[in-house]
Amino acid sequence: MQRISLAIIGLGKIATDQHVPCVRRGADFEIVATASRNARLDGVENFTTLEELLAARPDVQAVALCVPPRPRYALAKSALLAGKHVLLEKPPGATVSEVQSLAALAVARDVSLFATWHSRYAAAVEEARRFLEPRAIRSVRIEWKEDVRHWHPGQQWIWEPGGLGVFDPGINALSILTEILPSPVFLTAAGLEFPANRATPIAALLTFASEAGFPVEAVFDWRQTGPQTWDIVAETDDGVLRLSNGGTKLVIGERNIEIAEKPEYEALYDRFAALIRGGRQDVDLAPLQHVADAFLLGERQVVEPFED
Ligand code: NAP
């Protein structure tokens with residue numbers, strides 16, 4: 001089958017760490033161009049802006065937008081209007097309604113829009129979903145605690161409006177939660193800790209209710225040094241499920257469930273290729289909606305200034 005010609009937009013950490021090597025390992029896509037203001041990729045044509053790329057390379061069929069959420073909408077709109085299939089890194093945008101607008105545009109232009117949630121492709125997530133589906137859940141607790149200095153060195157956009165702060169990793173937990181639960185949850189309370197010198201939160205405590213009656217609590221914190229914690233624990237009528245290490249490790253009761261490794265971004269690009277070839281969309285806004293709800297309901301607490 002012919003490869004889909006792809007352009008990568010925003011050659012930063014995730015584009016370099018995951019998108020480029022993963023696409024080059026796979027058989028579905030070929031990177032033919034990039035657009036980035038300050039970085040270049042060897043072996044392909046590099047542009048500074050998407051507009052230049054679209055004008056010079058009409059052969060590009062799809063674009064992967066790896067820029068921060070705030071500039072993503074304008075780029076996605078240009079690409080969709082030019083008839084390109086579009087992959088959005090997570091979170092898919094800075095607001096819920098701008099992504100809804102993109103979804104409608106993709107349908108109108110008859111191209112595929114894929115709002116990705118890479119953590120949903122972590123190795124143990126599907127097995128966790130299958131375990132929970134037929135069981136009665138009693139409670140869910142999420143702990144997502146990491147060291148922002150280690151994972152986001154020098155990234156100022158995460159502290160600016162639209163950068164999401166601790167919800168940048170926290171939304172990964174919410175993307176797994178909304179994938180593995182058999183019924184929806186909705187936020188009932190939130191506490192958000194904003195460093196005095198920052199516009200986005202460094203920590204959050206979220207409480208959800210569920211239509212099925214069980215409580216969900218989530219703690220996100222960016223000040224964790226030492227071992228990092230990315231855990232979801234669900235108590236059920238048939239044992240405790242522990243999904244840890246960002247969705248890659250699963251223990252049910254005392255049993256360690258062996259799961260074959262599949263890199264998240266390989267699965268993500270498999271899905272993008274299938275969406276394009278099937279003429280379909282995949283835009284699930286549930287994780288972003290929960291973050292928006294946290295900003296709507298959250299009680300703001302100012303904590304000590306945070307320096308990188
Ligand atoms: P990053 O290292 O800051 O890279 C983003 C790139 O986008 C920048 O290097 C920059 O390249 C370009 N860009 C265009 N407009 C920009 C603007 N207004 N402000 C800043 N950069 C701009 O960020 P990242 O960590 O790759 O994250 C990008 C997206 O991927 C985020 O939505 C993030 O949540 C998601 N993501 C990140 C990770 C991770 O491990 N880092 C994992 C999964 C998902 P030029 O200056 O060359 O234009």
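For ligands, and for the atoms within them, numbers begin at 1 and follow the listed sequence.
- Taking only non-hydrogen atoms, the option from Gly12, Ser36, Gly93 nearest to atom 11 (O) of ligand 1 is Ser36.
- Atoms of ligand 1 found under 4.0 Å from any heavy atom of Pro69, numbered from 1 in the order shown, are 32 (O).
- Considering backbone and side-chain atoms alike, Trp157 places an N or O below 3.5 Å from some N or O of ligand 1.
- Scanning Val67, Thr49, Ile171, Leu65 for the heavy atom closest to atom 29 (C) of ligand 1 points to Val67.
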Which atom pairs, donor and acceptor, lie under 3.5 Å between side-chain atoms of residues 202-213 and protein residues at least two apart or in another chain?
| residue | atom | partner | partner atom | Å |
| --- | --- | --- | --- | --- |
| Ser210 | OG | Gly213 | N | 3.1 |
| Ser210 | OG | Phe214 | N | 2.8 |
| Ser210 | OG | Phe214 | O | 2.6 |

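- Ligand 1 has a nitrogen or oxygen under 3.5 angstrom from a nitrogen or oxygen of Ile14.
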Notebook entry, point to check: Going through the distances and angles, do His152 and Ile158 end up as a side-chain contact (heavy atoms from CB on, under 4.5 Å)?
Noted result: CA-CA 8 Å; His152 295 275; Ile158 55 171; 3.5 Å; yes
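- Among all non-hydrogen protein atoms, the one lying nearest atom 19 (N) of ligand 1 is Pro68 CG, 3.8 Å.
- For Trp144 and Trp151, the ring centers are positioned 6.0 Å apart or more.
- The pair Glu193-Arg223 counts as a salt bridge, with a side-chain nitrogen and a carboxylate oxygen less than 4.0 angstrom apart.
- By the 3.5 Å distance cut-off applied to N or O atoms, Tyr265 is not counted among the residues near ligand 1.
- Aromatic pair Trp159/Phe306: ring centres closer than 6.0 Å.
- Scanning the protein heavy atoms around atom 28 (C) of ligand 1, the nearest turns out to be Cys66 O, 3.3 Å.
- Contact record, Ser119 with Asn172: OG-CB, 3.2 Å, taken as the closest heavy-atom pair.
- For ligand 1, the atoms closer than 4.0 angstrom to any heavy atom of Lys13 are 1 (P), 2 (O), 4 (O), 25 (O), 26 (O), 41 (N).
- Taking CG of Leu102 as the start and CG of Leu88 as the end, the distance is 6.5 Å to the nearest 0.5 Å.
- Residue Asp168 has at least one heavy-atom neighbour below 4.0 Å for each of these atoms of ligand 1: 33 (C), 34 (O).
- Atom 13 (N) of ligand 1 has its closest protein heavy atom at Arg37 NH2, 3.4 Å.
- Residue contacts with ligand 1: Arg72 is placed with a nitrogen or oxygen under 3.5 Å of a nitrogen or oxygen of the ligand (distance criterion only).
- For Tyr269 and His19, the ring centers are positioned less than 6.0 Å apart.
- Within the structure, ligand 1 lacks Ala35 among the residues with a heavy atom less than 4.0 angstrom away.
- Geometric assessment of Arg198 against the ring of Phe194 yields a negative cation-pi assignment under the 6.0 Å and 45° thresholds.
- Ligand 1 has no N or O atom lying under 3.5 Å from any N or O atom of His152, backbone or side chain.
- Looking at Gln155 against ligand 1, only its side chain comes within 4.0 Å, counting heavy atoms.
- When the heavy atoms of Gln156, Glu160, Lys90 are ranked by distance to atom 33 (C) of ligand 1, first place goes to Lys90.
- Taking the six-membered ring where the residue is Trp, the centroids of Phe167 and Phe295 are separated by under 6.0 Å.
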